[in-house]
Amino acid sequence: MSLPFLPFTRPSIDEETIAEVAAVLRSGWITSGPKVQAFEAALSAYCGGRPVRAFNSGTATLEVALRLAGVGAGDTVITTPLTWVATANVILEVGATPLFVDVDPVSRNIDLERLEAAITPQTRAVIPVDLAGLPVDRQRLHAIAGKHNLRVIEDAAQSFGASWQGQPIGASFGNGSDFVSFSFHANKNLTTSEGGALVLPADIDPGLCERLRLQGVRRFPDGGMDVDVLGGKFNLTDIAATIGLGQMKHLAAFTARRRELARRYFERLDPALGLQLPPADFGNCNWHMFQPLLPAAVARGQFIARMKERGIGVGVHYPALHLFSLYRKLGCKDGDFPHAEDIGRRTVTLPLFPAMTDADMDRVCAAIENCLPQCH
Ligand SMILES: *Cc1c(COP(=O)(O)O)cnc(C)c1O
């Protein structure tokens, strides 16, 4: 008898949440409404009382953050080439130019040693990414950004539930001047199926954020309306917000279980396999993903295929994005960011999600020990 397929991730939705979603579906109000407001209030409480607005994706949040920061044509925005392509696409979307800075080979996040040298007079903002939920050093980041008057837009799509020096990611590490963007895509640590949220700086009008979220519409008490800015169509539904509210109750337990599983990987994976493991951070990181780097001689495609034959899903997050055709057309080339390229070629995402059992993990480790030596 073969075991059921073990995906690299799977959301945990409880029956109470499913019942509450059904109640919303029966209520007659299924788009943005009271559930979105309740979800925003819960997120704001989590983020130390900062203003938070919900969106239909973590891409929309980044795009709106750039617009609110006044970033547009002629500006450059610094980010990492080792992230989901959304992080860079939004920079192009608002008419600005992405400027990549290579990653630190250990943390795999943007190398803050190199950040300052990349800043030019055209640089308006920096989008750091907490890859796999490992936070970028907030003190150093904000010190550099403050010195050069750059707006920080934290892409915390993967670090919801993580913390930095005892404060949750989402709290302000930049004296209230920073945006924080979350994604609640199905694979993220907290999901609304699709969705996102934007934590706003103290100097940004939440009303303008709401207008950029929905067609620029401003409504008046007498029933009239006006449109004075170009907004998008980025509102979250009450159906999705209800899933998010149900997930919030489990956030601490989800993160705790992810940490436990990550610890177990460190204990179980045989060093003789030659895997290069991520930093063993059990205080800040939320273990959104567990990503060893394969030895350079291992054929990754073969490894993924052999693991799949054994019923185990292995992902790739991500190839260095500056080598995608679109970014090559914009002038990027092989060798531009050697650390990101090396990690992007060797990284694999092993199964890790709150409902994963210890037995599942033992199965993954046994399969790796079996498959890896055959993949040369
Ligand atoms: C998921 C993700 C996004 C985009 O989120 P969506 O909700 O899918 O639009 C952006 N950046 C990073 C790093 C992500 O992992």
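Order of listing sets the numbers, starting from 1, for every ligand and every atom in it.
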Decide whether an N or O pair under 3.5 Å exists between [X] and ligand 1.
X      : answer
Glu194 : no
Lys188 : yes
Gly58  : yes
His185 : no

Lys/Arg-Asp/Glu bridge criterion (N-O < 4.0 Å) met for Asp358, Arg257: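 Salt bridge present between Asp358 and Arg257.
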SB check Asp228 Arg211 (cutoff 4.0 Å):
yes
Looking only at the aromatic ring of each residue, does the gap between the centers of [Y] and [X] stay below 6.0 angstrom?
X      : Y      : result
Phe353 : Phe254 : no
Phe290 : Phe266 : yes
Phe182 : Tyr46  : no

* Go through Asp14 and Lys249 one step at a time and tell me if the salt bridge (Lys or Arg N to Asp or Glu O under 4.0 Å) criterion holds. => CA-CA 10 Å; Asp14 64 23; Lys249 297 176 191 157; over 6 Å; no
| request: Under 4.0 Å, heavy atoms only, figure out whether ligand 1 is touched by the backbone of Tyr318, its side chain, both or neither. | output: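 It is the side chain that gets close, since no backbone atom is under 4.0 Å.
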Atom 5 (O) of ligand 1: of Ala60, Ser183, Ala132, the nearest heavy atom sits on Ser183
Restricting to heavy atoms, the pick from Asp130, Asp155, Asn56 nearest atom 11 (N) of ligand 1 would be Asp155
Check whether any heavy atom of Gly195 sits under 4.0 Å from an atom of ligand 1.
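Yes, Gly195 has heavy atoms under 4.0 Å from ligand 1.
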Checklist entry - Quick one: is the NZ or CZ of Arg263 closer than 6.0 Å to the six-membered ring centre of Phe282, and within 45° of its axis? => result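 Pair Arg263/Phe282 counts as cation-pi.
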Atom 4 (C) of ligand 1 has as its nearest protein heavy atom Thr59 OG1, 3.6 Å
